[in-house]
Amino acid sequence: MILVAAAMGYLVGSLPTATTLGHLWGVDLRDEGTKNPGTNNARRLGGLPLATMVLGVEIAKGAGSVILGAALSGATGAVVAGVAAVAGNVYNVWHKFEGGKGLGISAGVLAAAWPTVFVPTMVVIMAAVFISRSSGRAALTAMAALNVFALIWSSKDLPTGWGVPAGPLLFGLSIGLTVILVHRHLKDASDQRRPQTT
């Protein structure tokens, strides 16, 4: 059932919901603006209402994948399905393995699998955005913080909420998310450091 959880999570994560919402709004997120089917491009092209809908659906996909994985194979299934959902979002099979940046769906995964770390992680990423003025570097900082949080939660046996228990599964979740997201956000951070030319 673990493989089924992984497959279901990937399929849910790969659903082109942001692109579909953009089309309904009259914009093409994959062909306009930054060409990224995510919240930031949705805000740029369709304003706050479209961005809110895109983010809400991505969070729901992440949380739903975790819940589905838990139903199929307990806490291990929750982690596997959640990580697979993020992989489906970032490396989307329906779009030649090109997808979004994975942050919205990752937020949904954390909200369902590890709710007590959700707020600390959001604080870290907002502080990093404010300090670095770079979404790529902020995302990398948040991923590093998530792994530190996994160490703290597991060593202190802190409550994780209704999700995955503290211990090896938390490391599996934090490391899995990091492995999937780091390449995309390293590229973003590198692009944002380059001087703009006209």
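Between the side chain of Tyr10 and the backbone N or O of Val93 there is at least one donor-acceptor pair closer than 3.5 Å. In this structure a side-chain-to-backbone donor-acceptor pair under 3.5 Å is present from Asn89 to Gly102.
Transitive grouping of hydrophobic side chains (ILVMFWY, heavy atoms separated by less than 4.5 Å) brings Val182 and Leu146 into a common cluster. Cluster annotation: Met53 is connected to Leu45 through the hydrophobic network of ILVMFWY side chains, with a link wherever side-chain heavy atoms come within less than 4.5 Å. In this structure, Val12 is not a member of the same hydrophobic cluster as Ile59, with clusters built from ILVMFWY side-chain heavy atoms closer than 4.5 Å. Under the 4.5 Å side-chain heavy-atom criterion for Ile, Leu, Val, Met, Phe, Trp and Tyr, Val57 and Leu15 are members of distinct hydrophobic clusters. Cluster membership for Val90 and Val80, using ILVMFWY side-chain heavy atoms within less than 4.5 angstrom, is not shared.
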Would you be so kind as to tabulate the donor-acceptor pairs closer than 3.5 Å made by side chains of residues 166-180, with sequence neighbours excluded?
{"residue": "Ser174", "atom": "OG", "partner": "Asn147", "partner atom": "OD1", "Å": "3.1"}
{"residue": "Ser174", "atom": "OG", "partner": "Leu170", "partner atom": "O", "Å": "3.3"}
{"residue": "Ser174", "atom": "OG", "partner": "Phe171", "partner atom": "O", "Å": "3.2"}
{"residue": "Thr178", "atom": "OG1", "partner": "Asn147", "partner atom": "ND2", "Å": "2.9"}
{"residue": "Thr178", "atom": "OG1", "partner": "Ser174", "partner atom": "O", "Å": "2.8"}

Donor-acceptor pairs are to be reported for all side-chain atoms of residues 108-126 against protein atoms at under 3.5 Å, with residues two or more places apart or in another chain.
{"residue": "Thr116", "atom": "OG1", "partner": "Trp153", "partner atom": "NE1", "Å": "3.1"}
{"residue": "Thr116", "atom": "OG1", "partner": "Pro159", "partner atom": "O", "Å": "2.8"}
{"residue": "Thr121", "atom": "OG1", "partner": "Val117", "partner atom": "O", "Å": "2.8"}

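Residues Ile105 and Ala85 approach most closely at CD1-O, 3.5 Å, considering heavy atoms. The minimum heavy-atom distance linking Leu50 with Leu21 is given by the pair CD1-O, 3.9 Å. Contact between Gly104 and Leu55 at its shortest, heavy atoms only, is CA-CD1, 3.9 Å. Of all the heavy atoms in Gly77 and Ile2, the pair that sits closest is N-CD1, 4.0 Å. For Val164 against Ala75, the heavy-atom pair with the smallest separation is CG2-O, 4.1 Å. Contact record, Gly69 with Ala81: CA-CB, 3.7 Å, taken as the closest heavy-atom pair.
For residues 57-72, the set of pairs meeting the salt bridge (charged side-chain N to carboxylate O under 4.0 Å, His left out) definition, not counting sequence neighbours, comprises Glu58-Lys61. Sorted pairs that involve residues 65-78 and meet side-chain hydrogen bond (donor to acceptor under 3.5 Å, both in side chains), not counting sequence neighbours, are lacking altogether. Legend: salt bridge (charged side-chain N to carboxylate O under 4.0 Å, His left out) pairs involving residues 13-37, not counting sequence neighbours: none detected. Pairs engaging residues 41-55 under the side-chain hydrogen bond (donor to acceptor under 3.5 Å, both in side chains) rule: Thr34-Asn41 [sequence neighbours left out]. Among residues at least two apart or in separate chains, there is no side-chain hydrogen bond (donor to acceptor under 3.5 Å, both in side chains) pair with a member in residues 160-171.
By the side chain to side chain contact (heavy atoms under 4.5 Å, CB included) test, Lys96 is found to be paired with no residue, residues two or more places apart in sequence or in another chain being considered. By the side chain to side chain contact (heavy atoms under 4.5 Å, CB included) test, Leu72 pairs with Met1, Val4, Ala5, Met8, Leu68, sequence neighbours left out. Scored by the side chain to side chain contact (heavy atoms under 4.5 Å, CB included) test, Glu98 finds no partners at all (sequence neighbours excluded). Legend: residues meeting side chain to side chain contact (heavy atoms under 4.5 Å, CB included) with Leu3, ordered by chain and number and at least two apart, are absent. In this view, Asn36 and Arg184 satisfy the side-chain hydrogen bond (donor to acceptor under 3.5 Å, both in side chains) rule, not counting sequence neighbours.
Residues Tyr91 and Ser14 are not in side-chain contact: their nearest non-hydrogen atoms beyond the backbone lie 4.5 Å or more apart. Leu181 has its side chain within reach of Ser106: a pair of non-hydrogen atoms, C-beta onward, lies under 4.5 Å apart. A 4.5 Å side-chain heavy-atom check between Thr20 and Trp25 finds every atom pair outside the cut-off.
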